[in-house]
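Proteins get letters first, then strands, A, B, ... in listed order; numbering begins at 1 in each. Computed from heavy atoms alone, side chains included, the values below leave out hydrogens, waters and symmetry copies.
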Amino acid sequence: MEIAKAYDPTQAEEHHYARWEASGFFAPEINQDPNAEPFSIVIPPPNVTGTLHMGHALQHTLMDVLTRWKRMLGYRTLFMVGVDHAGISTQLMVTRQLKKDEHKTPQDIGREAFTEKIWEWKNKYGGEITRQIRREGLSVDWTRERFTMEENLSRAVREVFVRLYDEGWIYRGTRIVNWCPRDKTVLSDLEVKEEKAKDGKLYYLKYPILEREKGGTGDGEANPQSAIRGPQSSITVATTRPETMLGDTAVAVNPEDERYNGLIGKTIALPLTGREIPIIADEYVESEFGTGAVKITPAHDVNDWEIGERHGLEKLVVMNDDATMNAASGKDFAGLDRFEARAKVVEEFEKLGLLEKVEDYDITLPHCERCKTIIEPLLSEQWFVKMDEMRDMALKLMREENLPHFFPEVPHKKVYTTWLENLRDWTISRQLWWGHQIPAWYDAEGNVHVARTKEEAVEKAGTDNLTQDPDVLDTWFSSALWPFSTLGWTGGAERENGRKVVGESESRGTSPESQTGARGSDDKDLGTRDSGTRDLDKFYPTNVLVTGRDIIFLWVSRMVMTGMKFIGEKPFDDVIIHGTVLDKNGQRMSKTKNNGIDPLAVFEKFGVDATRMALAGSATGVDFAWRDERVESYRNFSNKIWNATRFALMNSDGASVLSEPRAVATGSSAIAEKTRGNPVATARGSDLADRWITSRLNKTAKAVNRALETYQFHEAVQLLYHFFWDDFCDWYIELKKDEITAGDIESSSLILTLLEQALRLLHPFMPFLTEELWQILPGVSNGLHNASYASAERTIMLTAFPIGDDSLIDERAETEMQSVIELITKVRNIRAEMNIKSGDPLSIHVAGSVAMQAIFAANEAQIKKLARADKIVLAELLNVPKASARAVLIGNAEIAVPLEGLIDFEMERARLQGQIEKLKIELERLTGQLSNTNFVEKAPVEKVDELRNRQSELVSQVATLNQNLEALN
RNA sequence: GCCGACUUAGCUCAGUGGUAGAGCACUCGCUUCACACGCGAUAGGUCACAAGUUCGAAUCUUGUAGUCGGCACCA
């Protein structure tokens, strides 16, 4: 059989995925072993609006490698796939579309029509990301594909909301929140990104102090002051947001601050407003900062809000939800944008002579993560989750069981723990239309009724005159449930199999809001809650989560908390935090910088498998700059695999993959011990190359499994790359070439068998190429499958993953082969350095021990071929003419290549001199070390012996080379 | 301000208390019948800097510098 000369990835990428999927290979049900251990992994659901980027490609590759590997080992694997509705992004995207197509706003068409549009949009374009996931070759179970907005997952969301509300862990409250004036919604702290302001300024504003007596300033501590006339007739405050002064309701100073002692309780005539506000004392104020006097705007600043609470200050809202000034700001300002208002306030102060100074000031400002608009702290009524108890569950899990286990552990374990320790309540309502609408209804009196369905709310309220809360939940609220909601949980009881339910709260809700409604006290089962599902039982907790470090707080921590709370068990054991793919200059990829690299373009150029290798080949958790050259080298590797197979197939007449793979390695899995048979002495028990490659294969298999067990993907990639290219192609195939091309069927079968094993090892990383080649190997069948998949249609993805067999590791063969390799390499070196044309004949004289002679004698044909020699003379002592090039081998052997008429003595002298120099450097260091009595006494004996042996080896090699050198004179 | 990571060959990165590694690039040679996306042979590094621990440090400790990241504050 003959195949194309170069590998074309597109073919392989088109051939197999559909069949894998249609044949049910991805579904856990393909596993026919009822006792198979489960392995499950959930995809971090990409945004439904999203397209694939390198971060996805990286994490997807790692997950798929693990899944395919475990599947081949015989686990019942589930790689759960789905997408996230991504509230804000999706709504923004469709809003833009609407504006472009119909010049309308969502408000123009109304909530129902708008959400309808989003669903349409989702159905039309939402498949892009899933098409791309297929393109990547992910072995996800599409029959279980989930979407966060689908009915069952929405039921889970409502269930969780109601239960948390009933326990008082969800409440409604009025707070200063992060408000995005452009998206017009509240955001959680995690959706706010701090960025340095370009031209931050600190404005010093003078507030005139009223000299007349005035009582009842609202500050309880204030005495009615008699008109003490001090030198000061104004107090200066510093602010970065002058426009908020329109909402000031006090000025605060530190009670210990002597400068202002006498002013506490006095009244300020607040410029531009006609209002009078008090000077109050509060510990919060740091005397050293600014002027030591702080303007207090309780409705527009978090800290001011707290001071306002302490002092009973009025909370004057002066802004609208689009960050324009409202009527309360005064008619001169109403309607102005916040930044226009800022300029105008400053201008007015200047006119009044009240602008003391303006300083440049470095400041970071909160921005909306999505639209980059500057966040405005705004007073607003929202829904919150009280996090302390769930937080404690997660902390306990970490403290007592060290779970989840982060890879790499440093720094993520600490960062995660510290973040949890400082966790604050979570703002979960969003002023959007796309998302899970909050399951709370209000009656005519404004009482709130939280329920799973409107019917339940009606029952609780005793009226059907109810209005549902218009807000939706933070997208991350539903993502937090992903590991169990996708497995079918819609509200069953906590797990009872062994693990005790953690943190079930005894106390019911105590927040004021939770008591406002005439809530039904019984959690009635409306028949919508099943008590867990088989998937949940089988696959929860999942084994490992793979994600980026940017969502450890947003997502990972919340899954842990909800998992502990609602299932009573951790959602996963291990969390792999992969690195960030940077551009070639080491910069983060971003849309604004337009330096993103499109994975699809890379697939197109180098193939999916090569891309997967390049991604998996990066160290776990470490950021790395993208280099096309890296992928290119794996593209070349793909071609290497292709051509090695091509060679095997060109010479495969009558040969086939051996059905007893233990001829070369064990194909059994950790689970399928049953496939163990007697190790067949390799087909050529006496052949060094066969014993050597068998040993290398088994060592590699063991090492690859070990690497994957600890998520050292790059280690596995390196092992496979070097085994295949260096050991298998450069040496084994070359050594066996003559036999194989001569039609030795036994050798051909053996090489096919080895190749088949190598393809299996490579399959988790390079699924398309390996399947494409595996299918055309003679003799493959589902007989090579892991026993769990015995009856499935034949595919490499269900073969048994080689785990390696100690009994087939042959250190002696490896040592002997090293000698052969060294001999060939030294001769090649002589040829290259002495400028001997590759076509010119050459004979090799080798002097060495009887044992070494035997090794070389047994492999004479191969050595002659690879060294391009026509003769080998083996003896105990060299007997060659002076005109020879010489070298030494490990094991006190030496070689010479007679070069009558070819040799340039000067050149040979230089060559020998060079070799001597190199050895001498090492020898000197060793001798120095060994003459250090401290070393000899304190270092381990084996180490000392090792160095001594090496030393004597070097001594004799140097001596030999010196003799050779002198002989030339 | 607090916490953390990183600094190794020209580039991108592995690695490790005991002789410093890979890929790519570079140099030299090769139309050797699987592969020029290839084969063969070289060259290239005070492992950021300083001090300490140790028989021995690129590896452990501390400090310094640079790069990057997270968190907090920001009147």
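Residue A:D730 places its side chain closer to B:C39 than to any other of B:A34, B:C39, B:C37. Counting only heavy atoms from C-beta on, A:R424 has its side chain closest to B:A72 among B:A72, B:A22, B:G38. Checking B:C74, B:C35, B:C55 against every side-chain atom of A:T364, the shortest atom distance belongs to B:C74. Checked against B:C13, B:G23, B:C37, the side chain of A:A6 finds its nearest nucleotide in B:C37. Listed nucleotides B:G40, B:U19, B:A22 differ in distance to A:E922; the shortest reach to its side chain belongs to B:U19. Listed candidates were B:A34, B:C74, B:U32. Nearest to the side chain of A:K737 is B:A34. Listed candidates were B:A22, B:A36, B:G70. Nearest to the side chain of A:K5 is B:A36. Comparing atom distances between the A:K943 side chain and each of B:G18, B:C37, B:U32 picks out B:G18 as nearest. Listed candidates were B:C55, B:U12, B:A14. Nearest to the side chain of A:R630 is B:U12. The side chain of A:S633 lies closest to B:C24 when the candidates are B:A34, B:U12, B:C24.
Using modelled atom types, one side-chain atom of A:R831 and one backbone atom of A:D840 make a donor-acceptor pair closer than 3.5 Å.
Side-chain N/O atoms of A:E286 and base N/O atoms of B:C74 include no donor-acceptor pair closer than 3.5 Å. Below the 3.5 angstrom threshold, one finds no donor paired with an acceptor across the side chain of A:Q712 and the base of B:A14.
Checking the phosphate oxygens (OP1, OP2) of B:A43, a side-chain nitrogen or oxygen of A:K918 falls inside 4.0 Å. Between A:H412 and B:G70 there is no side-chain N or O to OP1 or OP2 distance below 4.0 Å. Taking only side-chain nitrogens and oxygens, A:K640 comes nearer than 4.0 Å to OP1 or OP2 of B:C39. Contact annotation: A:N422 does not reach the phosphate of B:A72 (side-chain N/O to OP1 or OP2, under 4.0 Å). Residue A:K865 places no side-chain N or O under 4.0 Å from the OP1 or OP2 atom of B:U32. In this model, the phosphate group of B:C37 is not approached by any side-chain N or O of A:W725 to a distance below 4.0 Å at OP1 or OP2. One finds no side-chain N or O of A:Y732 lying less than 4.0 angstrom from the OP1 or OP2 phosphate oxygen of B:A34.
A:E946 comes within 4.0 angstrom of no nucleic acid atom, judged by non-hydrogen atoms across all strands. If you check every strand for non-hydrogen atoms under 4.0 Å, A:V622 touches sugar and phosphate atoms only. Counting any heavy atom pair closer than 4.0 Å across all strands shown, A:S638 reaches no nucleic acid atom. A:R911 comes within 4.0 angstrom of nothing in the nucleic acid, heavy atoms only. Using a 4.0 Å heavy-atom distance criterion, A:T933 is classed as making no nucleic acid contact. In this structure, A:Q929 reaches the bases: a heavy-atom distance under 4.0 Å links it to at least one base atom across the strands shown. Across all strands, A:K826 comes closer than 4.0 Å to no nucleic acid atom at all (heavy-atom distances). Within the nucleic acid shown, A:A619 comes within 4.0 Å of sugar-phosphate atoms alone, with no base atom in reach, counting heavy atoms only. Within 4.0 Å of A:R868, counting heavy atoms only, lies at least one base atom of the nucleic acid. Nucleic acid contact for A:R950: base, since at least one base atom lies under 4.0 Å from a heavy atom of the residue. Among the heavy atoms of the strands, none lies under 4.0 Å from A:Y7. Nucleic acid contact class of A:N303 (heavy atoms, under 4.0 Å, all strands): sugar-phosphate only. Within 4.0 Å (heavy atoms only), A:I296 reaches no atom of the nucleic acid at all. Within the nucleic acid shown, A:A625 comes within 4.0 Å of sugar-phosphate atoms alone, with no base atom in reach, counting heavy atoms only.
The separation between A:W731 atom CH2 and B:A34 atom C1' is 17 Å, rounded to whole Å. If you measure from atom CD1 of A:I641 to atom P of B:G38, you get 13 Å, rounded to the nearest angstrom. Summarising the geometry, the separation between CD on A:E822 and P on B:A41 is reported as 12 Å, rounded to the nearest angstrom. Atom CD of A:E632 is separated from atom C1' of B:G38 by 13 Å (rounded to the nearest Å). Atom-to-atom, CD1 of A:I375 to P of B:C74 comes out at 16 Å; the value is rounded to the nearest Å. As rounded to whole Å, 15 Å separates atom C1' of B:A34 from atom CG of A:N636. To the nearest angstrom, P of B:C55 lies 6 Å from CG of A:N934. The separation between A:L930 atom CG and B:G18 atom C1' is 11 Å, rounded to whole Å.
B:C3 and B:A43: their P atoms are spaced 47 Å apart (whole Å). One P atom belongs to B:G52, the other to B:G44, and the distance between them is 32 Å to the nearest Å. To the nearest whole angstrom, the two C1' atoms, one in B:A14 and one in B:A20, are 12 Å apart. For the P atoms, the distance linking B:U53 with B:U59 amounts to 15 Å, nearest Å. If you take atom P in B:C37 and the same atom in B:A25, they sit 11 Å apart, rounded to whole Å. A gap of 39 Å separates the C1' atoms of B:U27 and B:U64, to the nearest Å.
When each of A:N932 and A:K295 is assigned the nucleotide of RNA chain B bearing its nearest heavy atom, the one mapping closer to the 5' terminus is A:N932.
A:E376 and A:R241 are joined by a salt bridge, as a carboxylate oxygen and a charged side-chain nitrogen come within less than 4.0 angstrom of each other. Salt bridge present: A:K605 and A:D628 bring a charged side-chain N and a carboxylate O closer than 4.0 Å. Of the charged side-chain nitrogens involved, none lies within less than 4.0 Å of a carboxylate oxygen, so that A:E917 and A:K920 do not count as a salt-bridged pair. Under 4.0 Å is where a charged nitrogen must lie from a carboxylate oxygen, and between A:D301 and A:K295 no such pair does.
Side-chain atoms of A:E13 and A:T10 form no donor-acceptor pair, as typed in the model, at a separation below 3.5 Å.
With sequence neighbours left out, the side chain to side chain contact (heavy atoms under 4.5 Å, CB included) criterion links A:R950 to A:E922, A:L926, A:E953, A:L954. Among residues two or more places apart in sequence or in another chain, the side chain to side chain contact (heavy atoms under 4.5 Å, CB included) test is passed with A:S956 by A:N892.
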Dot-bracket assigned to RNA chain B with the 3.5 Å Watson-Crick/G-U criterion, [ ] for crossing and | for other-strand pairs, is (((((((..((((....[..))))..((((.......))))......(((((..]....))))))))))))....
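Because its NZ or CZ atom is both nearer than 6.0 Å to the ring centre of A:Y204 and within 45° of the ring axis, A:K357 counts as a cation-pi partner of that residue. Remark: A:K640 is not positioned above the aromatic ring of A:F728, lacking an NZ or CZ atom under 6.0 angstrom from the ring centre and at most 45 degrees off the axis.
Going from atom CG of A:L205 over to atom CE of A:M245 covers 7.0 Å, rounded to the nearest 0.5 Å.
None of A:V237, A:V251, A:D248, A:L313 except one satisfies the side-chain contact (heavy atoms from CB on, under 4.5 Å) rule with A:I296; the exception is A:L313.
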